[in-house]
Student: 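One structure, pasted below without further comment.
Predicted, not measured: the structure shown is a model, and the values here were computed from it. Sequence lines set the chain letters: A, B, ... in the order given, protein chains first and strands last, and positions in each chain run from 1.
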Amino acid sequence: MTPTDLQAQLIAEIAAPLDAAVRAAGAEPEVPLAPPTREDAGDLALPCHRYARVFRKAPQAIAQDLAAAADAVPLVAGVEAAGGFLNLRLDWTAVAERLVNWALTDAGALGHSTALAGRKVVVEYSSPNTNKPQHLGHCRNNILGHTVATLLEAAGADVTRVNLVNDRGIHICKSMWAYEHLGQGETPEALGVKGDHLVGDYYVKFNNAFEAEYAEVWAGKDDAPGKDAWFNGDSPIGQQVRAMLRAWEAEDPAVRALWATMNGWCEAGFAQTYDRMGVRFDHIDKESQTYLLGKDLVERGLADGVFHRADNGAAVFALEKLGLEGEKAVLRADGTSVYTTQDLGTAMQRYQRYGFDEMIYVVGNEQDRHFQVLFGILTELDPALQGKLSHLSYGMVELPSGKMKSREGTVVDADDLMDELQAAAREVGAQNWPDLDDAELARRAEAVGLSGLKFFLLKFAPKTTFTFDPEASIKPEGETGVYCQYAYARATSILEKLADADAGVTPDWSALDQEQAKAVMKAMLGFPGTVAQAAIDKKPSLLTKGTFDLARAFAAFYNHPDCNVLKAEPGVQAARAQLVRAARRMLGGGLALMGITALESM
RNA sequence: GCGCCUGUAGCUCAGUUGGAUAGAGCAGCGGCCUUCUAAGCCGCCGGUCGGUGGUUCGAGUCCACCCAGGCGUGCCA
């Protein structure tokens, strides 16, 4: 058998006789053998408190009774019963040989597993509006969604990545209105700007024009309506924009042509941004193609009693079915769709198309309730969907200066951010490598900048609202992607200098029975399980943690004079070199899962 | 008002589903470059886990109430 998770296999081997001893004493084994939290408690520990009642014995005595069984295992070098825990020390010479061979050859060492084998999963993420360029918040969504998809694939799942682009609606018409009324026929090509930025500029121009109109009409008057009410009421601009939306829905050729042109610009810009971020999709849905879906579902639901008619004729869902109060409309009184209608239809269409076991929506936590309601309705419509729908809810990204507010112009543009991070990385690179040519410098700086961004966006648990610190994100010290990249580059450098001088030499594995090497091996042993857990929990922060822990342990190893590879005796050198190769491979695996380029030199 | 989320070191965050003396990074202080890359390493300092009760061998973790912050509570998306 091929061990994909060596630690799990070692634990299984060692735990077998312990479990047998527990059974012989008349109890079911229920407490796992696991690495202890305390550093002075050996390599693996078994808490025995749980068995105290069954055995009618003190935990300390149980631990002592189990000690003999543990001591007989070849991989165990020492046993100690302390405070109700059974602590085991491993035979690191034996472990080292197995671990290095495994880490150099097994896909499991790179975080691949079969934990979710055969499971069909659809992941929807990004879902941008085509009226403005993407910002830092979209970056978190894009990177989070893409990495979760990657992790699920690594765990053996059959993953489909989808993006539902919100390319129609009143907000799209606002940019179109501004372009038509305030533009001079500019194009991205003529101006040399990305199309999404050009469209976004007109969205800003719309807002300015509307604010100016509102101020002109209502300044100083205390019976002023709210801005939304004004827009949806007598505002001349509002009326024109709404007329545009109606014309779009009536498929007016001129409006459709303008819409197609501007959306094309925006989508081309998004494609560039995705490409640079290394984010991709198997399928891109557009709301202009899905917005009429779901009406038939509502009709059927009305007949089946899932929905009912409100007094004014709207089709509504009684939220008390979900333990909530009030009603959720799924068709307006005039028979038109709401956003939820489309969501219902799209979900059902995907279920028919993909037959998924799970569909994950990567959407911010401000929509928690929306998804609670959506999933509740979908499950009522088709009980087969029970348990198959999940919302990967994530918190906002804040800045050291506070929250991002589009009205206050404090949003961080995604493209600008990547440019800035690259430029900052380039400055450091140019200092360290004065002779490097421009293209290579740019390539490395891009990899470093994106590494900083991605790692920083992934290192927090999804639900955490965190503060993005651009400077800290590309620091080579601390818990960053750049730090992990550096460890990989150092490993590469050592191996280049070694130039296979250890080829054919039998490694002296006992040389790895030293503090720094053991710390590296412990980090390596824990890595695959951590990655599998990251997939199961949909928590990429576990991946960044596991990769960082390995990088840190490895940094302590290659920095210690007693662990030097190049100056070591042949047998010792061969063992250390193999450990470096193994750690490097695993680090590369971790970085790859995050979509981070591992640089050979930096 | 109601619902959900959050509150852990000066700052930013972890805490493996109830296990040993609560961790990491940053910042601060002190060391280490004629170097297997200083884009690094080593050490020190730093906590009544928001509060009060409860559950049990054992609570940052589970329960109740309270305090503070965020988000939501559309026939918007």
Side-chain angles (χ1 to χ4, degrees), chain A residues 31-32 34-38 40-41 45 47 49-50 52-53 58-59 82-85 87 127 129 166 169-171 228 232 287 310 312-316 319 323-334 336-343 364-370 372 393 395-396 398 400 403 425 428-429 431-433 448 459-461 463-469 472 474-480 482-483 485-487 489-498 526 529-530 533 537 541-542 545 548-549 552 555-561 563-568 576 580 601-602:
Chain A
V31 195
T37 51
R38 277 175 62 168
D40 58 348
H49 313 79
R50 193 82 59 90
R53 191 162 298 168
F85 288 82
N87 296 326
S127 308
N129 296 335
N166 192 319
I170 196 73
H171 51 299
D228 283 350
N232 289 314
E287 205 197 310
N312 65 1
V316 299
L319 289 171
L324 301 171
E325 288 177 10
E327 295 174 331
K328 171 65 192 173
V330 290
L331 281 181
R332 295 191 186 93
D334 65 5
T336 56
S337 291
V338 294
Y339 189 79
T340 300
T341 320
Q342 177 273 143
D343 257 346
N365 61 11
E366 71 276 7
Q367 293 197 38
D368 284 356
R369 182 190 156 93
H370 168 73
Q372 187 187 357
S393 168
M396 280 180 295
E398 297 180 350
K403 289 187 183 177
V428 179
Q431 247 167 14
N432 292 332
W433 304 91
V448 168
K459 72 191 266 195
F460 306 99
K463 74 175 173 184
T464 301
T465 293
F466 70 89
T467 305
F468 180 77
D469 184 342
I474 54 161
K475 286 235 165 107
E477 67 222 38
E479 196 175 336
T480 68
V482 184
Y483 178 92
Q485 277 179 316
Y486 183 67
R490 289 294 298 271
T492 307
S493 172
I494 291 170
L495 294 172
E496 274 173 4
K497 292 203 164 137
L498 182 66
T530 301
Q533 198 62 47
D537 294 349
S541 54
L542 297 177
K545 179 71 160 42
F548 172 72
D549 285 346
R552 187 174 43 168
F557 173 81
Y558 68 63
N559 271 293
H560 200 98
C563 302
N564 192 292
V565 179
L566 299 184
K567 297 175 191 163
R576 288 182 187 155
V580 171
S601 175
M602 60 182 283

Student: Using O4'-C1'-N9-C4 for purines and O4'-C1'-N1-C2 for pyrimidines, with syn meaning within 90° of 0, is B:rU17 syn or anti?
Tutor: syn

Student: Any side-chain N or O of A:Arg332 less than 4.0 Å from the OP1 or OP2 oxygen of B:rC76?
Tutor: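 Yes, A:Arg332 has a side-chain N/O under 4.0 Å of OP1/OP2 on B:rC76.
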
Student: Which of the following nucleotides, B:rA20, B:rC36, B:rA24, is nearest to the side chain of A:Phe548?
Tutor: B:rA24

Student: On a plain distance test, is the side chain of A:Asn87 in donor-acceptor contact with the base of B:rA20 below 3.5 Å?
Tutor: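 Per atom types, the contact qualifies.
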
Student: So, is A:Thr464 close to the B:rA14 phosphate, meaning a side-chain N or O under 4.0 Å from OP1 or OP2?
Tutor: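 Affirmative; the distance criterion is met.
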
Student: Under 30°, 30 to 60°, or over 60°: which ring-plane class applies to A:Phe466 and A:Phe460, parallel, tilted or perpendicular?
Tutor: parallel

Student: Just compare B:rC36, B:rC71, B:rU37 and give me whichever is closest to any side-chain atom of A:Leu566.
Tutor: B:rC36

Student: How close or far is atom P of B:rG69 from atom CZ of A:Phe466, stated in whole angstroms?
Tutor: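 It is 24 Å, rounded to the nearest whole Å.
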
Student: Any base atoms under 4.0 Å from A:Ala487, or only sugar-phosphate, or nothing? Heavy atoms, all strands.
Tutor: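 Answer is nothing: A:Ala487 stays at 4.0 Å or more from every strand.
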
Student: Of the options B:rC71, B:rC75, B:rC13, whose atoms approach the side-chain atoms of A:Ala310 most closely?
Tutor: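 The listed nucleotide nearest to A:Ala310's side chain is B:rC75.
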
Student: Rounded off to whole Å, could you give me the NE2-to-C1' distance for the A:His560 and B:rC41 pair?
Tutor: 10 Å

Student: Any side-chain N or O of A:Lys567 less than 4.0 Å from the OP1 or OP2 oxygen of B:rC36?
Tutor: yes

Student: Atom CD of A:Gln367 and atom C1' of B:rG74: how far apart are they, to the nearest Å?
Tutor: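 Atom-to-atom, A:Gln367 to B:rG74, this comes out as 13 Å.
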
Student: Hey, does A:Val338 reach any base, or is it just sugar-phosphate, or nothing, if we go heavy atoms under 4.0 Å?
Tutor: sugar-phosphate

Student: Can you tell me how far P in B:rC41 sits from the matching atom in B:rC36, rounded to whole Å?
Tutor: 15 Å

Student: Give A:Ala556 one of three labels, base, sugar-phosphate or nothing, depending on what nucleic acid heavy atoms sit under 4.0 Å from its own.
Tutor: sugar-phosphate

Student: What nucleotide, of B:rC71, B:rC75, B:rU37, holds the atom closest to the side chain of A:Tyr486?
Tutor: B:rU37

Student: The side chain of A:Glu477 lies closest to which of these nucleotides: B:rC41, B:rG40, B:rU37?
Tutor: B:rG40

Student: Describe the nucleic acid contact of A:Asp343 in one word from base, sugar-phosphate, nothing, applying a heavy-atom distance below 4.0 Å.
Tutor: nothing

Student: Check whether any side-chain nitrogen or oxygen of A:Thr465 sits under 4.0 Å from OP1 or OP2 of B:rU6, and answer yes or no.
Tutor: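 Result: no.
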
Student: List in chain and number order the residues that pass side-chain hydrogen bond (donor to acceptor under 3.5 Å, both in side chains) with A:Lys475, two or more places apart in sequence or in another chain; answer none if no residue qualifies.
Tutor: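 Expected list: none.
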
Student: With a cut-off of less than 4.0 Å, is there a side-chain N or O of A:Lys545 near OP1 or OP2 of B:rC13?
Tutor: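 Answer is no, no contact under 4.0 Å.
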
Student: Are any non-hydrogen side-chain atoms of A:Thr480 and A:Gln485 less than 4.5 angstrom apart?
Tutor: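 No, too far: nothing below the 4.5 Å cut-off.
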
Student: In whole Å, what separates the C1' atom of B:rG51 from that of B:rU16?
Tutor: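 So the two C1' atoms sit 28 Å from each other.
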
Student: What's A:Pro59 touching, base or sugar-phosphate or nothing? Going by heavy atoms closer than 4.0 Å.
Tutor: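 Result for A:Pro59 = nothing.
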
Student: Side chains of A:Leu319 and A:Arg369, heavy atoms from C-beta outward: is any pair under 4.5 Å?
Tutor: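 In contact.
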
Student: Roughly, in whole Å, what's the span from CE in A:Met396 to C1' in B:rC5?
Tutor: 11 Å

Student: If you assign each of A:Glu479 and A:Asp228 to its closest nucleotide in RNA chain B, which residue comes earlier from the 5' end?
Tutor: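 On the 5' side of the pair lies A:Glu479.
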
Student: From the list B:rA77, B:rC75, B:rU12, which nucleotide is the closest neighbour of the side chain of A:Phe460?
Tutor: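 Per side-chain heavy atoms of A:Phe460, the pick is B:rU12.
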
Student: Classify the angle between the aromatic ring planes of A:Tyr339 and A:His370 as parallel (below 30°), tilted (30 to 60°) or perpendicular (above 60°).
Tutor: tilted

Student: Where the side chain of A:Ala555 is defined as all heavy atoms beyond and including C-beta, which of B:rA77, B:rA39, B:rC41 is the nearest nucleotide?
Tutor: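 Side chain of A:Ala555 sits closest to B:rC41.
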
Student: State whether the number of non-hydrogen atoms from other residues, nucleotides or ligands found under 6.0 Å of A:Asp228 atom CG is greater than 12.
Tutor: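 Open.
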
Student: For the pair made of CG in A:Leu324 and P in B:rG74, what is the distance, rounded to whole Å?
Tutor: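 Answer to the nearest Å: 11 Å.
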
Student: What is the nucleic acid contact for A:Gly529, judged by heavy atoms within less than 4.0 Å: base, sugar-phosphate only, or nothing?
Tutor: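 No contact.
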
Student: Atom pairs, N/O to N/O, protein against nucleotides 58-61 of chain B, distance under 3.5 Å?
Tutor:
none

Student: Side chain of A:His49 only, heavy atoms from C-beta on: which candidate in B:rA20, B:rA77, B:rC57 is closest?
Tutor: B:rC57

Student: Using the C1' atoms only, state how far B:rU21 lies from B:rC26, rounded to an integer number of Å.
Tutor: 25 Å

Student: In this structure, how many angstroms lie between the P atom of B:rU16 and the CG atom of A:Leu542, rounded?
Tutor: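 Whole-Å distance recorded here is 10 Å.
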
Student: Decide if atom CD of A:Glu366 counts as having more than 12 heavy atoms of other residues, nucleotides or ligands within a radius under 6.0 Å.
Tutor: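 Correct, the count exceeds 12.
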
Student: Does A:Val482 or A:Val330 map to a spot on RNA chain B nearer the 5' end, using the closest nucleotide for each?
Tutor: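 Result of the comparison: A:Val482.
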
Student: Using atom C1' in both nucleotides, what's the gap between B:rG50 and B:rC42 to the nearest angstrom?
Tutor: 36 Å

Student: Quick one: is B:rC5 close enough that its OP1 or OP2 comes under 4.0 Å of any side-chain N or O from A:Asn365?
Tutor: no

Student: When you compare B:rG31 with B:rG70, how far apart are their C1' atoms, in angstrom units rounded to a whole number?
Tutor: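 Roughly 44 Å separates the two C1' atoms.
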
Student: So, OP1 or OP2 of B:rG25: does either fall under 4.0 Å of a side-chain N or O from A:Arg552?
Tutor: yes

Student: Return no unless some side-chain N or O of A:Tyr558 is found under 4.0 Å from OP1 or OP2 of B:rC42.
Tutor: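 The answer is no; no side-chain N or O of A:Tyr558 sits under 4.0 Å from OP1 or OP2.
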
Student: Only Watson-Crick and G-U wobble pairs, only distances under 3.5 Å, only runs of 3 or more: what stems does that leave for RNA chain B?
Tutor: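 Runs of three or more consecutive pairs: B:1-7 with B:67-73, B:10-13 with B:23-26, B:28-32 with B:40-44, B:50-54 with B:62-66.
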
Student: Using atom P in both nucleotides, what's the gap between B:rG72 and B:rG46 to the nearest angstrom?
Tutor: 41 Å

Student: Whole angstroms only, please: what is the CG-P distance between A:Asn432 and B:rU37?
Tutor: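 About 13 Å, once rounded to whole Å.
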
Student: Determine the interatomic distance between P on B:rU48 and the same-named atom on B:rG10; round to the nearest Å.
Tutor: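 Here B:rU48 and B:rG10 have their P atoms 8 Å from each other.
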
Student: Heavy atoms from C-beta onward define the side chain here; which of B:rC5, B:rC36, B:rU37 lies closest to that of A:Lys463?
Tutor: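 Closest nucleotide to the A:Lys463 side chain: B:rC5.
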
Student: Nearest to the side chain of A:Ala489 - B:rC75, B:rU37, B:rU12?
Tutor: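 Selected nucleotide (nearest to the side chain): B:rU37.
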
Student: Please state the C1' separation for the pair B:rG40 and B:rC62 - nearest whole angstrom.
Tutor: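 About 44 Å, rounded to a whole number of Å.
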
Student: Ring stacking, A:Phe85 with base of B:rA20, under 5.5 Å and under 30°?
Tutor: yes

Student: Any side-chain heavy atom of A:Asn365 sitting closer than 4.5 Å to one from A:Lys463?
Tutor: no

Student: If I take atom CG in residue A:Asn559 and atom P in nucleotide B:rG43, what distance separates them, rounded to the nearest angstrom?
Tutor: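 Taking atom P of B:rG43 as the reference, CG of A:Asn559 is at 12 Å.
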
